[in-house]
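Notes to accompany the following structure.
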Amino acid sequence: MGELKLLIRKDCMVLWATMKFYLLFLGALGALVSFIGVSAGMSFYPILLVYLTCYGLASLEEQSCSSTLAFSLPVDLSQVVAARYLTVFVECVAFSLVFWVINLAGRLVGMTSRSIGAMLLFYLAVSLALVSIMLPLIYYFGVMRSRMAIMAVYLVGFLGSGLLTGLYTVGGTPSVDPTATAGLFHWGVLAAAGVLFLLSYRFSTLVAYKRRGL
Amino acid sequence: MVNINLSNHSAVPMYEQIVDQIKGQILSGRLAQGELLPSIRVLARELQVSIITTKRAYEELEAQGFLSTVAGKGTFVAVQNPQRLMEMHLQKIEGYLQQAVDAAQAAQIPKEQLLEMIALLYEEESI
Amino acid sequence: MNTISIRGLVKKYPTFELNIPSLDIPQGYITGFVGRNGAGKTTTIRLIMDMIAPDRGEIRIFGKTMAQNGREIKQDIGLVGDVSGYIGQCKVSQIHDMIAPFYHNWDEDLYQRYIKRFEIPQNNKVMKLSKGQNKLFYLIMALSHRPKLLILDEPTANLDPVARAEILDILKERMADEEMTILYSTHITSDLEHAGDYLILIDQGQLVFTQEKDSLLENSCIVKGDNSLITPDTRGIFTGLVQTGVGFRGLCRDAALARETFGQEVVYDPATIEDIMVYTTRRDEPWEN
C-alpha cells in the first residue's frame, strides 16, 4: 500500500516538476475566458488540461524510457497502473473543481449557481470518459503510435461536448438551466463515466501485463 | 604488512604465486604470528585478480597450516608450529638442491660453479 | 547458493531465439556476461528482471520467482541498464526524492558520500548531466539501497576513459566491502579482465561456456606460426583459427596441449577475454591455400 502512495507521489512530482508553468498558463487563460463569460464554449478547458497532463506524462515517460524504471522499482505492475489511474482521477477532479470555482465567478455574467454545478459534473464526466479511452490506448500502442487515435478521440470529445452544450440551449437560453431530471441526468452521466473509468482501469492492467510479453 | 607481486604471464598459476609469497613471508618472519591479512575481497581488488583466486590461495594456506580464519574477524597468520613449517620448507629446499647437485655432477660441473650460480640467482631475486 | 538460477529458458523472436537450458549465477562473485551485440545478453537480463515474459522456462532469484515475490526480490536488486528511465526534465535531487523512499534499505549516507565524491550537481536537470555523470548517478542510485544483486548492462559504454575508471572503481570498492553478487553484461571485455570471477560467453542466443575467469585466462593462449603446421590433427586443438597469407593465429584453450603439440616452432601469446570472445564467436571464411 505504501508503494501505491509513493508511485502517486512520484507521478505528481514529475507533473509538477515538468509542467507547472504550462498548467498555470492554461489555467490563467481559462480563467480569463471564463470571466468574459464564454464558459459554455470553454467547457473543453478542463478536458484540454487533462489531455495534456495524462498524455503529456505518458509521452515524457516514453521519451525517457521510463518503463525500465517501472520494472526495476520494487512494485507490481498492477500498482503502477493503479497509481496512474488514481493520479489521473485526482487531476480530473482538481481541474474540474478549479473551473467550477472560476465559473462561480461567472455568476457575474448571469449564470445560475445550479447550472454552474451542472457544469462541474459535466466537466468531470467528460474528463473521466476521455481518459478512460486514452489510457488503455496508450498502454496498448504506446504514446507515439496512439497519437492519431488520441487526436480523433479528443476531436470527438470536443465536438460531442459542444453538441451536448448545444442541446442544453433549449428555448434559446445561452446558459444551462437544469430541471430536476436534468440534475439526475448529470449525475447519471457522471456515474456512467465513473463506471467506464473503472472498466478502463481493469482493461489497462490486463493490457500492461500482456504487452510485457513483447 | 604483506607484499605480493604477481606476474600475469608466468607459468605458475596466480593462486600458487600468492600461496608461495605469503608462505615465504611467514617463514622469513616478515609476517608476524597473529598478524591480520586483508580479506579475500580486498586482496582480490588490490591484486586485480578474481575472488576465486584469492579464496583458493587462502584455503590452500589454511590447509597447510599457515593461516587461520576466524568468522567475523578475518584471516590471521596462524600461530601453529612455526618450527615444523620451517622444517618442511627446508626439507623441500633440500630436495631441490639435491636435484641441482645431481644434475651438476652428471654434467661434471664443479661445486664452486654451482655455488656461484646460486649466488647469482639470489642477486637476481632481490632486484 | 546461487543468486540467479535459470532453467529451460526459451524466448523466440522473428529473427532470433534465446535458448538457455541451464545457467547459475553464483552468490558473492562478479560474473561477466560477454558476447557480441545481438547475442542475447540484454534479452536475458530483461527476462531476469521480468520486463519481458519467456515462452518457456523458469528463473529464480534468491530462490524465489518474480511472479510470486517480485516486489520483495526487487528491494534487493540494483539495475543499471543502458537507459535509466529517469525523466530528463527532473532534477537530480527530485529523482532521489522520488525513488529513495521505495527502498527499505536505503543508505542516505552512502548516497551523499558518493554524490559529493563524484561532484554530481544535485540541482541540475538529469538531461543536463554529461554521459559520465548520468551513468554515475544511475549507478549511485542503484548502489545506495545496498542491493544483494547488482545487474549491469553495458555500464561503461559511451563513456570517456576517466568516467569508465570511476565506475569500475566504485564497483571494486563495493565488492571489497560487501558480499554483493554482480552480473556484468558487456562487450567491452577489458572491464572484466581484472575484475571478473566467472565468465559466461553467449553467442546467437546460446551459451558457449561458463568458466572461472582466472583459470580460463591462465589456460588459454594465442598460438601463431606457419601455415604448414596446420594439419587435420593439429587444427582440432584450436577454438578459433585464422589463416592468412603469412601464417596462422589461433586460440587454444589448453595451453599445455598447445605447447605439447607445437613445441618451440610457434609463438605463444597470452589471450585476453577479448581474444577469447572474438576467436570463439567470429564467423570467418575458410582459408584457401
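Chain letters run A, B, ... following the sequence lines, proteins first, then strands; residues in each count from 1.
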Quiz item: Can you name the residues of residues 14-29 of chain C that have some heavy atom under 4.5 Å away from a heavy atom in chain A?
Solution: none
Quiz item: Does C/Lys41 reach the main-chain N or O of C/Arg36 with its side chain, forming a donor-acceptor pair under 3.5 Å?
Solution: yes
Exercise. Taking C/Asp160 for its side chain and C/Ala163 for its backbone only, find out whether a donor-acceptor pair lies under 3.5 Å.
Key: yes
Quiz prompt | Salt-bridge present (C/Lys74, C/Glu72; N to O < 4.0 Å) | solution = no
Quiz item: Name the one of C/Leu159, C/Asp191, C/Leu152 that satisfies side chain to side chain contact (heavy atoms under 4.5 Å, CB included) with C/Ile167?
Solution: C/Leu159
Exercise. Sort by residue number and list every member of residues 94-104 of chain C having a non-hydrogen atom under 4.5 Å from chain A.
Key: C/Gln94, C/Asp97, C/Met98, C/Ile99, C/Pro101, C/Phe102, C/Tyr103
Quiz item: Side chain, backbone, both or neither: which part of C/Leu79 has an atom under 4.5 Å from a heavy atom of chain A?
Solution: side chain
Exercise. With side-chain contact (heavy atoms from CB on, under 4.5 Å) as the test, would you mind laying out the steps for A/Tyr209 and A/Ser78 before giving the verdict?
Key: CA-CA 8 Å; A/Tyr209 270 101; A/Ser78 57; 4.1 Å; yes
Quiz item: Where along residues 119-138 of chain C does a heavy atom come under 4.5 Å of chain A, listed by residue number?
Solution: C/Tyr138
Exercise. Determine yes or no for a side-chain-to-main-chain donor-acceptor pair under 3.5 angstrom, with A/Ser200 supplying the side chain and A/Leu196 the backbone.
Key: no
Practice problem: Determine, stepwise, if the pair A/Phe197 / A/Tyr85 fulfils ring-ring contact (aromatic ring centres under 6.0 Å, His included). | Solution: CA-CA 9 Å; A/Phe197 189 72; A/Tyr85 268 80; 5.2 Å; yes
Exercise. Count the heavy atoms of every other residue, nucleotide or ligand shown that sit under 6.0 Å from CZ of C/Arg46, and state whether that count exceeds 12.
Key: no
Practice problem: For residues C/Val34 and C/His187, determine if any side-chain heavy atom of one lies less than 4.5 Å from a side-chain heavy atom of the other. | Solution: no
Quiz prompt | Contacting region of A/Leu77 [heavy-atom separation from chain C under 4.5 Å] | solution = neither
Quiz prompt | Qualifying side chain to side chain donor-acceptor pair (under 3.5 Å) pairs with a residue from residues 57-75 of chain A, counting only residues at least two apart or across chains | solution = A/Glu61-A/Arg84
Quiz prompt | Pair C/Tyr114-C/Ser144, side-chain donor/acceptor within less than 3.5 Å | solution = no
Quiz item: Would a distance-only check, ignoring hydrogens and angles, find a side-chain to backbone donor-acceptor pair under 3.5 Å from C/Asp203 to C/Ala39?
Solution: no
Practice problem: Please examine the side chains of C/Ile170 and C/Leu168, heavy atoms only from C-beta on, and report whether any two atoms are closer than 4.5 Å. | Solution: no
Self-check item: Heavy-atom neighbours of A/Arg202 CZ exceed 12 at 6.0 Å
Solution: no
